[in-house]
Structures are given as C-alpha cells and as structure tokens.
Colleague: 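Below is the structure I would like to discuss, written out as structure tokens.
Along the sequence shown, the residues carry numbers beginning at 1. This one's a predicted model, so the numbers in the text were calculated from it and none came from an experiment.
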Amino acid sequence: MTATAPFTDPGSPSSEQTRRRRRRRLTLGIAAGTLAVVLVLGGVWWFTGFSFLGARYGDDSVLFEDFDGSAGGKPNPDVWRIQTGGGGWGNNELQEYTEDAVALDGDGNLVITATVPEDGSQPTSGRITTHGKWSFTYGRLSARIKLPEGQGLLPAFWLLGDNVDRVGWPAAGEVDIVETPNTTRRSAHHLHGPTGIADRWSLDEGYDLPVPLADDFHVYTVEKHEGRIIMAIDDQIVMDVEEWDVPIPGRWVFDAPTHALFSLAVGGNWPGDPDASTPAVNEMVIDWMSFTPEDQLGDTPIGSTGEVTP
C-alpha cells in the first residue's frame, strides 16, 4: 500500500503562518494600546501636571499670623520653616541664608535682616517658607509689609507649588506677589510656569509708584481662583491673569496647592550686586499675614482682610 501526502492548497496559509500573523497583530495591538495610554497620560500631565493628586491643606481654614512674641523669638513652627544655606539659590545670589536673620522684634512684627559687610565678605540674610507646614489652593492671601530699599536687594513675597521638590522649577509654578529689585519706587509682579520639562514662560507687570514703598507698610495680596490669579497693592489690582493668557505652549499649573515664602535676597542675576550705596543693615518687616478661603470671601474687596481678626 502506498502512502499519499495530504493535499495542501498552495493558496491557503499554513497553521504556522496563521499563528505568526496572530502574534504580529497581538504585538501591534499591545504597542498601539501602550501608545494610546502614554498619549492620554502625557496629555493629562501637560495640562494639569497631575496637580489634582496633591493634598489641599488650608482651603477651608482661616489663618492669621500676627507674629506676636518676645524679641528674638522665631515665627510659629506649626506654620513656618526657616531655610538656610548659600549656593546661589538658582539665581547666583550672594547671600547665605541664616536662622539668626529671621526673628520676631517683640512689637508684633517678623523681621528678616540682610547684612551686607562693608569689607566685601559674604552677605547674610533670611528666607522663610510654609512648605510642608501650610498651603492653600484657592482663596486670598495678604501680608502687611515694610520693604527695604538698596542696590542689590531683592525683597519678595511669593508662592511656589507644593510639588516643587518632586517636579522642580518651573514645573511647580511660581507667583511673585511683589518684588522690588534695587528700588521700591517700582513694583514687580510675575507668574512663571512650564512649557515643558525645563523651559518656562513668564507673564510680568511693573508699576512706577509716586512714593517709595519702603517709606511705610503696605498690604500685598494675591487671590487664587480656578484658572485665575489676581494681585494687588493696598486694594489696587496690579495684575490679573487668566489661564487663557498663558502663551502657547505653556501650561497653567496654579490650580494646585501652593505655599508662601518671604525672602530678602542680596545680589545675583537679578537685581545685580550691591555697591557702596547699599546699607550695611536692611530689614524686611512683616506685620501680619492672613488667609481667607475662597468660599468665605463674600463680597469683600481684594486686599481687605474681611472677617479675619487676630
């Protein structure tokens, strides 16, 4: 008896070819699915920075820091952390921040002192933050401050995104409520945000003032709302920015928790170094800081403290 090979249609795929095609389709399907997930997550990151995953610490509680205490004491450790060290702080600044440069004066003020030695040795100054202690997402934050003035001085009241340690700057976002580089006859106000991993965008405003801000105390305010940030000096709006004002391809990252900072930098890329005219001792004096949650603002005008009392 002669064995006969089974008939095979040359136009039909073999079982091995069929398996290969199925594996290829499966591989392509997994790759396409992975790409889709990456694109979706990338889009969410681009537009939100995953800010919705962050905790919202102070949104529902009024805060009033009046800086009462004995002379030489430190601000409330439940709210404030004193930052120390040199290294330029990303702006080639000259000063070393020290703990001794931040102290209560015994008259209800917090004083940050910058010392600029006449012999040209390293200046010292102070910087405090609420990072890791207190922050807010939406509402009104105000502070009554007397700013110092002098070549090479940069006093600032500002905000940083709480996720700065994880995503870095500028991805966390920065709100400069007030800065006065060199002179307090002109105020500066800024928003900084990311256009990618490292690139940034900025929106800036500046105002020439009839009298120096260093002459007296003034109230500096920021209001954060969803998709909007407003800044003011003594109830007068100096900057009003909405999400759609951000230059393309910038991302709006401010609908997320932010913490407050007070700092008095010396030298650096901006505002430049001190000179012979710079006072040896310079004080940034903070009378109080208050926060009112967004849902408690009512119809109180920007810049006011509303119902907040010591």
Side-chain angles (χ1 to χ4, degrees), residues 38-60 63 90 129-131 134-143 156-179 187-207 220-233 235-261 290-304 306:
V38 169
L39 290 174
V40 169
L41 291 176
V44 172
W45 170 80
W46 183 262
F47 286 105
T48 71
F50 295 115
S51 60
F52 54 86
L53 298 177
R56 297 188 176 185
Y57 302 91
D59 284 352
D60 57 357
L63 175 75
T129 176
T130 66
H131 190 25
W134 177 87
S135 59
F136 75 103
T137 302
Y138 300 126
R140 177 187 295 152
L141 183 71
S142 297
F157 173 34
W158 51 303
L159 308 176
L160 277 176
D162 275 8
N163 59 354
V164 65
D165 291 339
R166 178 171 58 84
V167 304
W169 187 96
E174 176 181 332
V175 180
D176 297 316
I177 305 163
V178 64
E179 294 182 306
S187 65
H189 318 273
H190 314 278
L191 289 184
H192 302 291
T195 59
I197 302 280
D199 294 333
R200 69 178 177 92
W201 58 264
S202 295
L203 292 174
D204 313 288
E205 291 285 357
Y207 286 89
Y220 303 93
T221 297
V222 63
E223 272 191 14
K224 286 184 64 192
H225 304 281
E226 185 174 3
R228 186 181 183 190
I229 290 178
I230 309 167
M231 297 181 232
I233 300 177
D235 297 347
Q236 301 300 309
I237 293 175
V238 293
M239 192 169 188
D240 189 346
V241 178
E242 296 190 70
E243 181 174 357
W244 309 116
D245 296 324
V246 173
I248 296 173
R251 290 190 294 122
W252 179 269
V253 293
F254 304 104
D255 294 332
T258 53
H259 54 274
L261 301 96
S290 70
F291 170 72
T292 305
E294 183 180 52
D295 62 2
Q296 298 182 39
L297 289 175
D299 58 359
T300 57
I302 187 167
S304 75

Colleague: Name all residues meeting the side chain to side chain donor-acceptor pair (under 3.5 Å) criterion together with T130; count only those two or more places apart in sequence or in a different chain, and write none if there are none.
Modeller: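 Partners of T130 under the side chain to side chain donor-acceptor pair (under 3.5 Å) test: none.
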Colleague: Please tell me if the side chains of D255 and T137 come closer than 4.5 Å, counting only heavy atoms from C-beta onward.
Modeller: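 Answer no - side chains too far apart.
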Colleague: Taking the side chain as every heavy atom from C-beta outward, state whether I177 and T221 have any pair of such atoms under 4.5 Å apart.
Modeller: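 No, side chains not in contact.
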Colleague: Please report the closest heavy-atom contact between G139 and F291, naming both atoms and the distance.
Modeller: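 Distance-wise, the nearest heavy atoms are CA-CE1, 3.8 Å.
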Colleague: Please assess D245 against L203 for the test side chain to side chain contact (heavy atoms under 4.5 Å, CB included), listing each intermediate value before the final yes or no.
Modeller: CA-CA 9 Å; D245 296 324; L203 292 174; 4.3 Å; yes
Colleague: Holding to side-chain contact (heavy atoms from CB on, under 4.5 Å), I want the full list of residues that pass it with V246, two or more places apart in sequence or in another chain.
Modeller: W201, W252
Colleague: Work out which heavy atom in A260 is nearest to a heavy atom in L141; give both atom names and the distance.
Modeller: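 Closest pair (atom of A260, atom of L141, distance): CB-CD2, 3.9 Å.
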Colleague: Does one side chain, of E174 or H190, offer a donor that lies under 3.5 Å from an acceptor on the other?
Modeller: no
Colleague: Quick one: does S187's side chain get under 4.5 Å of I233's, heavy atoms only?
Modeller: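 Yes, side chains in contact.
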Colleague: Output all residues satisfying salt bridge (Lys or Arg N to Asp or Glu O under 4.0 Å) with D240, sequence neighbours left out; order by chain, then residue number.
Modeller: R228
Colleague: Ignoring hydrogens and angles, tell me if any N or O in the side chain of D176 forms a donor-acceptor pair with the backbone of W158 under 3.5 Å.
Modeller: no
Colleague: Between T300 and R140, do the side chains contain an N or O donor and an N or O acceptor separated by less than 3.5 Å?
Modeller: yes
Colleague: Give the C-alpha distance, both sets of side-chain angles, the deciding distance and a yes or no for side chain to side chain contact (heavy atoms under 4.5 Å, CB included) between L160 and W169.
Modeller: CA-CA 9 Å; L160 277 176; W169 187 96; 4.0 Å; yes
Colleague: Using a 6.0 Å distance limit plus a 45 degree cone around the ring axis, check whether K224 lies over the aromatic ring of F254.
Modeller: no
Colleague: Can you check whether D162 reaches S135 side chain to side chain, under 4.5 Å on heavy atoms?
Modeller: yes
Colleague: Using ring pair (Phe, Tyr, Trp, His ring centres under 6.0 Å) as the criterion, list what pairs up with Y220, not counting sequence neighbours.
Modeller: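 Ring pair (Phe, Tyr, Trp, His ring centres under 6.0 Å) list for Y220, sorted by chain: empty.
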Colleague: Hey, does V238 have a side-chain heavy atom less than 4.5 Å from the side chain of E205?
Modeller: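 The answer is no; the side chains never approach within 4.5 Å.
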Colleague: Just so I know, are the side chains of S202 and L191 near enough to count as touching, which here means a heavy-atom distance under 4.5 Å?
Modeller: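 No; the side chains remain at least 4.5 Å from each other.
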Colleague: So, using ring pair (Phe, Tyr, Trp, His ring centres under 6.0 Å) as the criterion, who are the partners of H131 when residues are at least two apart?
Modeller: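 Partners of H131 by the ring pair (Phe, Tyr, Trp, His ring centres under 6.0 Å) criterion, ordered by chain and then number, come out as H259.
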Colleague: Output all residues satisfying side-chain contact (heavy atoms from CB on, under 4.5 Å) with Q236, sequence neighbours left out; order by chain, then residue number.
Modeller: none
Colleague: Within a strict 4.5 Å, meaning less than it, do heavy atoms of the V222 and L159 side chains meet?
Modeller: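 A side-chain contact under 4.5 Å exists here.
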Colleague: According to side-chain contact (heavy atoms from CB on, under 4.5 Å), who are the partners of A172, at least two apart in sequence or on a separate chain?
Modeller: N163, V164, V167
Colleague: Please round to the nearest 0.5 Å and tell me the distance separating atom CG of L261 and atom OG1 of T129.
Modeller: 4.0 Å
Colleague: Are any non-hydrogen side-chain atoms of I229 and E242 less than 4.5 angstrom apart?
Modeller: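 A side-chain contact is absent here, since even the closest heavy-atom pair is not under 4.5 Å.
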Colleague: Determine, stepwise, if the pair E179 / H189 fulfils side chain to side chain donor-acceptor pair (under 3.5 Å).
Modeller: CA-CA 6 Å; E179 294 182 306; H189 318 273; over 6 Å; no
